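Notes for the one structure printed next.
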Amino acid sequence: MNDKFFGLPEEKQERIIQAAYRVFARNTYKKSPMHEIAGMAGISKSLLFHYFRNKHELYLFLWEKCAKVTIDRLKRYGCYDSRDLFEMMHRGMRAKLQIFRESPDMAYFAVRAFYEKDEAICEDIQKSYQKFFGWKAQKALQDVDLEQFVPGLDLRMMYREMCWASEGYLWEMLQRGGLDVDAIERDFEKLLDFWKSIYLRRD
């Protein structure tokens with residue numbers, strides 16, 4: 001990426017970023033034309049290519065920005081200040097849903113990007129996701145109270161399974177026509193109760 005992008009006024013940077021999120025959020029990687037992003041941002045396509053060498057570079061930039069925003073929001077909501085894993089997940093849900101409410105295009109983009117199958121981009125997205133997931137898992141599990149769970153539980157596998165279920169649920173919601181934030185919140189509350197009934201120790 002050309003460093004001149006960061007030399008732009010913040011308002012212009014944000015206009016380009018939001019235009020890109022909007023286009024990519026509504027289309028597959030292949031069917032998201034750079035000229036449409038440029039037009040929506042109010043700049044020429046050649047200028048957009050001056051800031052980002054190609055679509056691949058722009059897409060990864062947007063993905064990494066999503067990860068940074070998410071990490072910042074998780075920290076602000078105190079997601080990892082508790083030793084109760086389900087409390088962490090509840091706070092994490094609230095943090096992410098706030099992103100959905102404030103920046104729906106970015107939220108749609110993140111879900112769509114995770115499931116993108118285009119060989120031009122999917123491998124890089126998955127590599128980046130694994131780093132992000134590793135960071136989340138390490139933060140979530142490092143100080144968790146093991147006594148609250150059923151004996152012999154593979155905690156890391158449980159955490160991975162819950163993340164997979166959550167990601168799959170969001171993709172299904174997107175395929176149905178959109179991310180209804182209130183419905184997501186209600187359903188996730190039910191999922192948390194279900195997981196608690198399975199994994200928590202009963203004395």
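Model, not experiment: these values are computed from the prediction.
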Any idea which heavy atoms bring [X] and [Y] closest together, and the distance?
X      : Y      : result
Lys117 : Cys122 : O-SG, 3.9 Å
Val150 : Leu200 : CG1-O, 3.6 Å
Glu57  : Phe52  : OE1-CA, 3.3 Å
Lys12  : Leu8   : CD-CD2, 4.0 Å
Ala19  : Ile37  : CB-O, 3.7 Å
Leu58  : Ala20  : CD2-CB, 4.1 Å

Measure the spacing between [atom1] of [X] and [atom2] of [Y] and express it to the nearest 0.5 Å.
X      : Y      : atom1 : atom2 : result
Gln98  : Ser103 : CD    : OG    : 9.5 Å
Leu85  : Met162 : CG    : CE    : 5.0 Å
Lys65  : Ile17  : NZ    : CD1   : 4.5 Å
Thr28  : Asp118 : OG1   : CG    : 7.5 Å
Ser166 : Met89  : OG    : CE    : 5.0 Å
Ile43  : Ile16  : CD1   : CD1   : 4.0 Å

When you look at Arg112 and Glu116, which way does the salt bridge (charged side-chain N to carboxylate O under 4.0 Å, His left out) test go after all the steps?
-> CA-CA 6 Å; Arg112 187 177 289 279; Glu116 178 60 62; over 6 Å; no
Derivation of the side chain to side chain contact (heavy atoms under 4.5 Å, CB included) call for Glu185 and Phe100 = CA-CA 11 Å; Glu185 187 165 13; Phe100 290 160; over 6 Å; no
Would you check, one step at a time, whether the test side chain to side chain contact (heavy atoms under 4.5 Å, CB included) holds for Asp84 with Asp145?
-> CA-CA 6 Å; Asp84 183 326; Asp145 180 8; over 6 Å; no
Answer yes or no: does atom [atom1] of [X] have more than 12 heavy-atom neighbours from other residues, nucleotides or ligands under 6.0 Å?
X      : atom1 : result
Glu10  : CD    : no
Phe194 : CZ    : no
Gln130 : CD    : yes

Can you check salt bridge (charged side-chain N to carboxylate O under 4.0 Å, His left out) on Lys127 and Glu123, steps first, answer last?
-> CA-CA 6 Å; Lys127 284 180 180 178; Glu123 184 176 350; 3.4 Å; yes
Pairwise side-chain contact, [X] with [Y], heavy-atom cut-off 4.5 Å (strictly under):
X      : Y      : result
Asp193 : Lys190 : no
Glu189 : Arg186 : no
Ser197 : Arg202 : yes
Tyr169 : Met173 : yes
Asp182 : Arg101 : yes
Glu36  : Arg26  : no

For [Y], does its backbone N or O pair with a side-chain atom of [X] as donor and acceptor, under 3.5 Å?
X      : Y      : value
Arg91  : Tyr80  : no
Tyr21  : Tyr108 : no
Tyr115 : Gly168 : yes
Ser128 : Ile125 : no
Gln126 : Phe114 : yes
Lys55  : Tyr29  : yes

Can the ring centres of [X] and [Y] be said to be less than 6.0 Å apart?
X      : Y      : result
Phe24  : Trp63  : no
Tyr199 : Tyr159 : no
Phe5   : Phe61  : yes
Phe109 : Tyr59  : yes

Take Cys66 and Met106, measure what side chain to side chain contact (heavy atoms under 4.5 Å, CB included) needs, and give me the verdict at the end.
-> CA-CA 7 Å; Cys66 280; Met106 184 172 71; 3.2 Å; yes
NZ/NE/NH1/NH2 to OD/OE distance under 4.0 Å, Asp72 and Arg76 |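 A salt bridge links Asp72 with Arg76.
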Should the ring pair Phe132 and Tyr129 be called parallel, tilted or perpendicular, given that the plane angle runs from 0 to 90° and is split at 30 and 60?
->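 It falls in the perpendicular class, over 60°.
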Result of checking Glu11, Gln13, Gln18 against Arg15 for side chain to side chain donor-acceptor pair (under 3.5 Å) |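 For Arg15, the side chain to side chain donor-acceptor pair (under 3.5 Å) test succeeds with only one of Glu11, Gln13, Gln18, which is Glu11.
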Start with the C-alpha distance between Lys96 and Arg73, add both sets of side-chain angles, then the distance that settles side chain to side chain contact (heavy atoms under 4.5 Å, CB included), and finish with yes or no.
-> CA-CA 7 Å; Lys96 291 175 183 177; Arg73 192 56 59 89; over 6 Å; no
Is there a salt bridge (charged side-chain N to carboxylate O under 4.0 Å, His left out) between Arg83 and Asp143 once you walk through the steps?
-> CA-CA 6 Å; Arg83 295 189 67 207; Asp143 294 320; over 6 Å; no
